[in-house]
Amino acid sequence: MSYIALVMVQGTYSLVLVANVIKGIGSGFAASCMWGMLSDTIEYGEWKTGIRTAGLANAASSFGSKVGSGLGGAILGWVMAAGGYDGSAATQTAAAIHSVNIAYIYIPLILTVVSLVILWFYKLDQEYPQIIKDLEARKTPLL
């Protein structure tokens, strides 16, 4: 929602700041969910295969974060270069300003929508109580 607000309030500095605060709060909530979802996935893998791969899952998450950070920086540079952004220029061209808007508003908006569509299919949280119950039953010794 804050990305849409950024589109509508371009040029109004105080409203851009408010939209960015809202965006930051939302991003913080989303980022905090990632670790819980990773743990749930580890539990699911153990339930499905009988093998607990916590180290592998955390390493893959760390690797994905690093690759994502690298690609994000590269994409930012490519978009800015395509718009003719010149950091030393006193004023930017209309194309450079448009590239900043693409990199700062539109690409994150598209990626957020894609993420929400993917999360729509995430059903592990509904199965999780049964998964934990089954895992505890496997660990309980038979008398």
Side-chain angles (χ1 to χ4, degrees), residues 1-89 92-93 95-143:
M1 196 60 141
S2 61
Y3 292 112
I4 295 169
L6 283 172
V7 171
M8 294 188 304
V9 300
Q10 288 180 21
T12 309
Y13 185 72
S14 59
L15 293 177
V16 168
L17 286 177
V18 170
N20 279 313
V21 167
I22 294 168
K23 182 175 69 166
I25 291 169
S27 296
F29 283 122
S32 68
C33 291
M34 181 182 77
W35 299 111
M37 291 174 73
L38 179 62
S39 296
D40 292 351
T41 303
I42 293 167
E43 301 283 347
Y44 176 79
E46 181 182 5
W47 176 71
K48 198 73 167 165
T49 67
I51 302 169
R52 187 167 183 85
T53 57
L56 180 64
N58 281 295
S61 175
S62 176
F63 176 76
S65 294
K66 289 176 175 89
V67 170
S69 293
L71 282 175
I75 291 169
L76 173 63
W78 296 330
V79 169
M80 301 296 276
Y85 180 82
D86 180 4
S88 62
Q92 297 296 327
T93 65
I97 292 171
H98 185 64
S99 70
V100 169
N101 287 334
I102 288 171
Y104 190 70
I105 300 171
Y106 298 109
I107 292 175
L109 174 62
I110 291 166
L111 293 175
T112 298
V113 169
V114 169
S115 297
L116 290 173
V117 168
I118 291 169
L119 284 173
W120 180 263
F121 296 101
Y122 183 82
K123 304 296 182 202
L124 186 55
D125 55 340
Q126 296 167 357
E127 299 174 26
Y128 193 71
Q130 184 61 44
I131 290 170
I132 294 301
K133 188 176 176 183
D134 291 348
L135 287 174
E136 288 175 356
R138 286 183 197 169
K139 293 176 184 176
T140 303
L142 298 173
L143 296 178

Residue Lys48 excluded, over 12 heavy atoms near NZ under 6.0 Å: no
Gap between atom CG of Leu17 and atom OG1 of Thr12 - 0.5 Å precision: 11.0 Å
Value rounded to 0.5 Å, distance of CG in Leu111 from CD1 in Ile75: 7.5 Å
Pairwise distance CD1(Ile118) to CH2(Trp120) - rounded to 0.5 angstrom: 14.5 Å
Rounded distance (nearest 0.5 Å) linking atom CD1 of Ile4 with atom CD1 of Ile105: 11.5 Å
Main-chain N/O of Ala57 paired with Ser61 side-chain donor or acceptor, under 3.5 Å: no
Greater than 12 external heavy atoms within 6.0 Å of Lys139's NZ: yes
Heavy-atom pair with the smallest gap, counting every atom of Trp47 and Arg138: O-NH2, 2.7 Å
Nearest atoms (heavy-atom pairs only) where Ser62 meets Lys66: OG-NZ, 2.7 Å
Sub-4.5 Å side-chain heavy-atom contact between Val7 and Tyr106: yes
Heavy-atom side-chain contact between Lys133 and Gln130 under 4.5 Å: yes
Nearest non-hydrogen partners of Ser2 and Ala19, listed with the distance: CB-O, 3.4 Å
Minimum heavy-atom distance Ala103-Leu76, with the two atoms named: CB-CD1, 3.5 Å
pair Ile131-Asp40: side-chain heavy atoms closer than 4.5 Å: no
Separation of Asn58 CG from Trp35 CH2 (nearest 0.5 Å): 6.5 Å
Sequence neighbours excluded, every pair satisfying salt bridge (charged side-chain N to carboxylate O under 4.0 Å, His left out) that has a member inside residues 12-29: none
Nearest atoms (heavy-atom pairs only) where Tyr3 meets Leu109: CB-CD1, 3.7 Å
Nearest heavy-atom neighbours spanning Asp86 and Gln92: O-NE2, 2.5 Å
Spatial distance of atom CD (Glu43) from atom CG (Leu135) [nearest 0.5 Å]: 6.0 Å
